[in-house]
Each structure stands twice: as structure tokens, then as C-alpha cells.
2 protein chains.
Amino acid sequence: MAGKNERSSSITNVAALANVSIATVSRVLSGKRGKNDDIARRVRAAAEQLNYSVNYAASSLRSDVTNSIGLVIPSATESFSAQLLDELEYAIDADAQQLLIGIGADRSAQTDRIESLLSRHVDGLIVVPGTETDLTETLDRHADSLPIVQIGGHQQSFKTSMVSIDESASMELIMRHLVERGSHAVAYMAGKEVSFESAELFTMFHTQVRSYRLVSHTDWNQFGERTVQRGYDCSMRLFSKDNRPDALVCADDAVAFGAMVALHTLGLRVPEDVRIVGFDDSPLAATTMPTLTSVHPPFEQIVSESLRLIASETGMPAHISLPPQLMIRESTGYAKV
Amino acid sequence: MAGKNERSSSITNVAALANVSIATVSRVLSGKRGKNDDIARRVRAAAEQLNYSVNYAASSLRSDVTNSIGLVIPSATESFSAQLLDELEYAIDADAQQLLIGIGADRSAQTDRIESLLSRHVDGLIVVPGTETDLTETLDRHADSLPIVQIGGHQQSFKTSMVSIDESASMELIMRHLVERGSHAVAYMAGKEVSFESAELFTMFHTQVRSYRLVSHTDWNQFGERTVQRGYDCSMRLFSKDNRPDALVCADDAVAFGAMVALHTLGLRVPEDVRIVGFDDSPLAATTMPTLTSVHPPFEQIVSESLRLIASETGMPAHISLPPQLMIRESTGYAKV
DNA sequence: GTGAAAGCGCTAACAA
DNA sequence: TTGTTAGCGCTTTCAC
């Protein structure tokens, strides 16, 4: 397994074969040359024939451009990060850019990965902060040496760019949908209170409840863990009372899933007796029984906006908020009206 | 966002500050120098003070070592790949190595990513082939330019290394466990017939059935999709008959999950009436109700063996088969005896 | 538009 | 053990 026997062909070989200078080869291959004349064709043919590909080490040593992007996520087993990673890798033109990945759940681990990516001189950095992780200090410190895009979380800095999901729009979508389906009494199992998104969603939930004149009680709406267990436990408590909601909004698909199991146990039907909506549209959502209506983060746009911000020449950090899509499935049933 | 204003300090600055030559700095910092005397300390202090970190582009241009390894997986939303990625990233010393990732589901996409990683001169390549994807030709072609480790799949080549899960051991574990719990009649929902692992597991299942003198019928044991739907449909058919198994082995947690929903619908209890075992120990398994007993791939060992093979100096490709662990949870109940 | 040549930061060969 | 120096492959002046 030692290897690297035959050195792969370099720009010099191509130049020799095409009978031009290495400078010309460089210009043709990097597109910094207008014409597509005989010389250009000869160079390309020679490169093809020798199976040439640039040595990125040499290229970036000289030009300070590494053709690589760093991505830092809390974990690949978390559905949001995993879907984002898939989408990002897909969107990147693999011939021209390479994705370097760093995984870390807490501040210290994430900071390590960021520093390490930075020392590799990535051209841009995309960061999904872990829950309750504030990376502002680290990111700000490097904000003027490369473009940084933060995905979600609470933006505390105007030195880095940010792409996030419009949480208010999410809640509007959900509540309008539930009302259209005929729901009157809605409960909300929110995420952790400390999270910025949770707070925003919670506020918007109440705004919507008032605006549609829905029924909701203080003890129906609580912050908590984003786990199956929490959904189950809270639902067992919530739905065994007489005075119970006919719709449930969950801050996470896992919570919704736990709720569905609890409802099944209690003999309540989804969606006939209770409609359920989840968040993040994990792969789970499409496979539960009944399938789960869930808020689908706009991964494609998140990725394209992030890449655009990284490629952008203007040094201006931008804050972009993207509307999600509601994936309507069986758990909110079909129209009642 | 333009940036790269101040050029970061180079080895020359460190050398000047420590009052030694750049060669000495290089040697000290790369550990190619035994002593930890005054000079070494001075160099390290200077590097620290200047917040120096090596320029990997320059380093690898000169030495052909990029301190990076490539990982190619079918998708980050698939539980096996996601867990492997998390584990691998964790195992890598982020200061010294960087993980480059390529994602592609089919042969053409995976080959693209492999070629692209190769053109970046990664020091080693770890590949998880997509289902039914044979990468032998591509991998063999590059086998002598760098160490390549294939994870799982059917090894057709002896030019590259391979780390896989001992499927026979998996099935042995499962069957022994089920017998110990008091099961007599076992059904098996296998994966796709074309997959090498499926075939091996299917054979071993029958061997174990015979060896423990268990009851099983031909129409209980079928190949099929690894989906919730398949688990549900097959179980509805299988368990509505009088003559039904008291244990079910599923080639995938999703299948097991579908089966559990079906059993619930049919009024059969897990584990009292039917014991269920899944495969791959997805995050799902620990959260179903009841929680699902599942075969846990030995991620930690897979990663450490893979890294060892990549680092190994011997050019010998090795084939390693690692025993998995059975995560015993509620779906197979507690001892009966 | 093209070629010659400098030099990015580092490591390794060689010299002391 | 240390320092001096060549040169990895490329991009980018600079001169033509």
C-alpha cells in the first residue's frame, strides 16, 4: 500500500506535448484566456491525452485559492445536518471544489474544527452551530480572512453571513393548515427554552392562536427535549384529560413520533381525533404510520444561498431568511370542509 | 467578504524569532528531531507566539503527503454511513489530518468523487460502496498509488483492503439470543437478494434454524426492500395466519419498525407474542416503543482498522472481518428461563 | 497573445 | 545536530 510510484503528469508535460509554454497551458486550463483557437484545442487535447489534472497543492500555494469549502456540523446522525450535507455535496461541482468536513457537537469541538479548517485555507466556511452553541467569538475573529456562513442559530454578529429558516413563516404555514383542516384547539410541544428559534416559534404560535381565535391552554404548551420519550410522556399526560386539544404541533419529528405512539395507546386516532405536525421533515416522517406532516427546511435554497454568499466578491455579510415548505401527509388528514 | 488581508506567519518568521534556520523549525515542528532541548522549546514558543500553523499546500507540494484522507459514502442520511462518518471524524486527529468527503449513491457518482479525491492526492481513501455498486474496476486502477479501504460490500479484488462486518457472526448472535429467550418459530425478512451480504445472512439463517432445530417455513423468509412499508406489508400477511412465528429477524431497523406497527395493529404484543430483531442499530432503534433489539455494527473498530490499514507501511492489502454486537432491548424481552 | 522567469512555503538532500 | 539550498508545480508579473 506504499505507492505513489509513477508521478502523475504535470503542466510541463502538457506544455511540451502541446508545444506551448507552461504559462499558456495554465491560462487555457484555468479559463483565463478568451479564445478557443487552435492553441487552446491543442492544449486541451494534450491535457486529455496525458490524463492531466492540476496539482491543487501547487496551485493554491501560488494563488491562495484552495478550491475547497469547509463544513462544520454537530453530527451526521442528526437529520438536518445530514440532509444539508447531502445537498451541499451535491451542489458543489466536484471537479472544481472539494468539501472538507468537521464534526463537533459542542463549542470546544466546533471551534477546534473551525480552526483546523482555517489552517487548511478553505475558501469558505459553512457552519451549523450545535444546539445552544454560540460561536460568535470564534467566527468573528476570522470573519475578515474568509467568507463565513452560519446556518441557523441566533445571529449575534454582523461580521459573518447567516442563512436561516424563517420560523415565523413556518408557524404561519402550520397554523393556517390546521385551521383549514378544521382544528380549533391546538397544543404546542416546543423545543428547549434557551434556543433562539424555540422562543421565536413559541411567540409566533401564540400570535397565531390569537389571530385565528383558537383554543389553547398554558399547560398545553411547554418547552422540552426534542425526543421521542418527551413526546410520548407529555402526550400521555395531555391527552388522558377530558379537556384535550384536537391538534398538536411538535418542535421535532421525534417528539411527534412519540406523541403518535401515545395517542395510539390511548385509543385516539390520527388524524381523526388529533392532527399532528412535526418539524425538520426527517426521513422518519415519510415512514411513520400514519405518515407525518412536517416542516421541510429549504435545503436546496439554503445551500445555493450559502454558496452564493461564499463566492460573492462583495465583502458584505448578508442575513438571509428562507421560507420553509409544509410537507402535508396523513397525520393532518384531508380537508374537512 | 473578500479577505485574506494579512498573510499568516510562515516558517521564516518563526525561524527568525527563534533565531534558528527554517530547516530546524521544520524538523522540530514535524517531530523529526529527537531532543526536547532549549532550541526545540524556543522554536515551539516562537510558533505559539506567532500563532503559526503549517501551510499544508506548501508542505504537500514538497513532500507528497497531504495529511488528508478521503471518505466516499452513498448518503449522509443513511444511518450506517452517518454513524461511520461521525466515528471516523472523531477518530481522526483533526490537528494532523483532515477528512475530505464525497457523496454519491451510484457507481457513476461514486467514481466521480473517487477520481476527484484522488486528484487532490489524499493520503488514503475509505469507500462505502452504495447498494449493488461494484467499484472494483475503479478502485483497482488506483490501488497502487494510495491505500484504499473498502467498507462492506462484496470484495472482488485483492488489490485493495477491505473491512467488513462478520455477517455469519451477526446471525449466530441473533439466533442464540432468540433461542435463549425461548423462541421456537422464527421468520426472516432478508434484504435484497442481489446483495452479497443478504445472501450470506440468508444462508446463515437457515444453518442456524437447522442447528437449533427451530421451526421456519419457506414463505416466512423472503428477500425484499429495506423499508418500513415492506416490514408492515409482509408482517400483515405473515402474522394474520394461524400458523405464525414467535420471532422475527429483520435485515434492517426500518423493516423491523414496520413490522412492529403491523403487530400492534393486529393486536399482537412485542415481545410477549413476537420477538423482533433489527439490523444496523439506527438511532431509531433506541426510540421505538418498545425499543428495538438490533445488531450494532462495530463502528469504532471499523474506523480504527481502516485508519491502521491506511497508515500501514506494508503494501499488503488486508481483509478484515469484524464481529458486531447485539444491542439487546425491549423487543426481545427478558430471559424466560 | 505569448513566453521567460520569479517565487508561493515548505521539506529533503547535502554540506558543514 | 544544524544550516544552506534546490526545487516540488503552479500562477502571475513582466517583457516582448
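A note on names: the letters A, B, ... follow the listed sequences, proteins ahead of strands, and every chain is numbered from 1. Values reported hereafter were calculated over all heavy atoms of this structure, with side chains retained and with hydrogens, waters and symmetry mates removed.
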Protein N or O to nucleotides 12-14 of chain D N or O, pairs below 3.5 Å:
unit_1	atom_1	unit_2	atom_2	d
D:dT12	OP2	A:K32	NZ	3.0

[X]: which residues meet the side chain to side chain contact (heavy atoms under 4.5 Å, CB included) condition with it, sequence neighbours left out?
X	answer
A:N19	A:R42
B:A105	none
B:E300	B:E87

Contact list for residues 67-112 of chain B, test ring pair (Phe, Tyr, Trp, His ring centres under 6.0 Å), sequence neighbours left out: B:F80-B:F299
Within residues 53-60 of chain B, residues whose heavy atoms come under 4.0 Å of DNA chain C: B:V54, B:N55, B:A58, B:S59
Residue-phosphate contact under 4.0 Å: A:S10 side-chain N/O, D:dG9 OP1/OP2: no
Any A:T24 side-chain nitrogen or oxygen under 4.0 Å from OP1 or OP2 of C:dG3: yes
Round to a whole Å and report the spacing from [atom1] of [X] to [atom2] of [N].
X	N	atom1	atom2	value
A:D64	C:dG7	CG	C1'	13 Å
B:L50	C:dG9	CG	P	14 Å
A:H121	C:dC8	NE2	P	15 Å
B:R120	D:dC10	CZ	P	14 Å
A:D38	C:dT2	CG	C1'	14 Å

Spatial distance of atom OG1 (B:T136) from atom CZ (B:R107) [nearest 0.5 Å]: 9.0 Å
Among all residues two or more places apart in sequence or in another chain, which pass the salt bridge (Lys or Arg N to Asp or Glu O under 4.0 Å) test with [X]?
X	answer
A:E305	A:R308
A:R141	A:E115, A:E137
A:R120	none
A:R27	none

Can you give each donor-acceptor pair under 3.5 Å made by side-chain atoms of residues 45-58 of chain B, sequence neighbours left out, with the distance rounded to 0.1 Å?
unit_1	atom_1	unit_2	atom_2	d
B:N55	OD1	B:A57	N	2.9
B:N55	OD1	B:A58	N	3.1
B:Y56	OH	B:D95	O	3.0

Helical bend (five base pairs per end, nearest 10°) for the helix from C:dG1-D:dC16 to C:dA16-D:dT1: 40°
Closest heavy-atom pair and its distance - B:T66, B:D123: N-OD1, 2.9 Å
Residue B:L61, side-chain heavy atoms: nucleotide from D:dG3, C:dG9, D:dC10 that is nearest: C:dG9
